[in-house]
Amino acid sequence: MSKNHERIHIDEKNLCHLCVTELESIYAELDLTEAELEILSAPRQTITVHFPVKFNGTTRMFVGHRVKFNDARGPSKGGIRFHPDLQVDHVSDLAFLMALKCAVVDIPFGGAKGGVVVNPKELNAGQLELVTRAYIRAIGDFIGPFKDIPAPDVYTDESVMVWILDEYENMKRKHVPAVVTGKPLELGGIKARQYSTSLGGIYVLEKAMEKLRIGIPGTRVAVQGFGNVGENAASILHERGYRVIAASDSRGGIINQDGLDVPELIKHKKDRGALQGFAGARSISNDELLLCDCDVLVPAALSDQLDSDNAGKVKAKIILELANAPTKPEADTLFVDRSIMLIPDVLANAGGVVGSYFEWIQNINNDYWEPDRVLERLKNVMTDAFDAVYALCEQEKSVMRKAAYKIAIRRILYAEKLRGNL
Ligand code: NAD
């Protein structure tokens, strides 16, 4: 439970506010009918469970939720989080965003989200295991490889996924590895899941660079955030010949216009617990990182980083949103005016759920692919999604975020229509 604990600080409060603001205008442009709007407005299933867990002879009641927003395109997919402030409305918004994300990259999943109202910092591993198992017993009839497939999210990790798997299999009295993704390799996980969000984003970035006729060698990248997504992104970019010039974490950032030696930087962070103090690099604040002289800016930490105050001063030509909702709507407009290409989160960070999709396929078929096949398929899915979004942008002279949402909504509604629901 080590690294993911940091994620509890990630502020997603505005994530859905942003999405809803965008959606209002998109719904109007798509000229949706009343019935279509209604289908997109309410989750198909919202479950709230109250369950007892006994710690050393004392019983505590816990509350858990699981929301399946839309599953017209396939079984619903989405993380399970442990958080003391978890609220069912926010879970529902996040489930909707998962439905959109899966539809943007055209994988056959709907969207879900769930979690337990708990502060994992107050429990030891044994107690967390009891809570996880009790939650799964409570929602066990509603999940399954062809119903709804959980995954890690804020404050949950591989160990939690194993407890979910084991509890579910105990209930069903058989092996069902495809009930959950984000498992360890030994229990049917896939290696690429660790870095598929970052690599998927980089595949999409490279398509964008092709459009703008920017080559890889020497392209200067600044990465905000050095957790799972940011560190993997920096590492992959470095390996592919980009010049990663700046990086930051919650303690601050560093910059060196000649490029950072990313493998050495990762070692430095491991030894010192921070990026600052890295040989040859100058310390900068997170605000400075966003505005530094670079070609590509990769927000990979928090929401609401780019707003009307700083968007006019961003120097990058491309922004790759690996974090969820790093850009406020007013900044979006400023980037359009300044011809900065912004690759939106719903496309840029969808590689994670694509990796989960591959894990699920392999579990279902009990057939495990060579790593090269995983990477090739990830590339195909991500670049096809980019092509579709870019083509619509060109056709409608719109921005990528709007185009991505439009494609997702049309796909979901078309699936509903095929099913006879519209
Ligand atoms: P993480 O907890 O592993 O890392 C977060 C990083 O952000 C840490 O390095 C932390 O130090 C840094 N950070 C915190 N405050 C900061 C600040 N003020 N300035 C700069 N850095 C700061 O989380 P993660 O899994 O890497 O997720 C990062 C973002 O990507 C989140 O928005 C998450 O929702 C999104 N995302 C993650 C995945 C995934 O597969 N992990 C998939 C899709 C989207």
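Position 1 is the first residue of the sequence; numbering continues from there. If you're wondering where the values come from, they're calculated on a predicted model, not measured in any experiment. Keep in mind that the numbers below use all heavy atoms, side chains included, and drop hydrogens, waters and symmetry copies. As the structure lists them, so they are numbered: ligands from 1, and atoms in each ligand from 1.
Within the structure, the closest approach of Gly225 to ligand 1 falls below 4.0 Å when heavy atoms are considered. Residue Arg193 places a heavy atom less than 4.0 Å from ligand 1.
Which parts of ligand 1 touch Ala323 is read off a 4.0 Å heavy-atom cut-off, strictly below it: atoms 29 (C), 30 (O), 32 (O), 35 (C). Of all the atoms in ligand 1, the ones that sit under 4.0 Å from a non-hydrogen atom of Leu322 are 30 (O), 35 (C), 36 (N), 44 (C). Distances below 4.0 Å separate heavy atoms of Ser248 from the following atoms of ligand 1: 20 (C).
Taking the side chain as every heavy atom from C-beta outward, Phe82 and Val117 never approach each other to under 4.5 Å.
Ion pairing between a basic and an acidic side chain is recognised when a charged N comes within 4.0 Å of a carboxylate O; Asp293 and Lys315 show no such pairing. Salt-bridge formation is detected for the pair Arg81/Asp153: a Lys NZ or Arg NE/NH1/NH2 atom is positioned less than 4.0 Å from an Asp or Glu carboxylate oxygen.
Considering backbone and side-chain atoms together, Lys101 places no N or O closer than 3.5 Å to any N or O of ligand 1. In terms of N/O distances under 3.5 Å, ligand 1 is approached by Val229. Taking any N or O of Phe226, backbone or side chain, at least one lies under 3.5 Å from an N or O belonging to ligand 1. Residue contacts with ligand 1: Ala300 is placed with no nitrogen or oxygen under 3.5 Å of a nitrogen or oxygen of the ligand (distance criterion only). Checked by distance only, ligand 1 and Lys269 stay at 3.5 Å or farther apart across all their nitrogen or oxygen atoms. For Asn349, no nitrogen or oxygen atom sits less than 3.5 Å from a nitrogen or oxygen atom of ligand 1, counting backbone and side chain alike.
A donor-acceptor contact closer than 3.5 angstrom is absent between the side chains of Asp287 and Asn310.
Exactly one of Asp148, Asn70, Asp71 qualifies for a side-chain hydrogen bond (donor to acceptor under 3.5 Å, both in side chains) with Ser76. That residue is Asp148.
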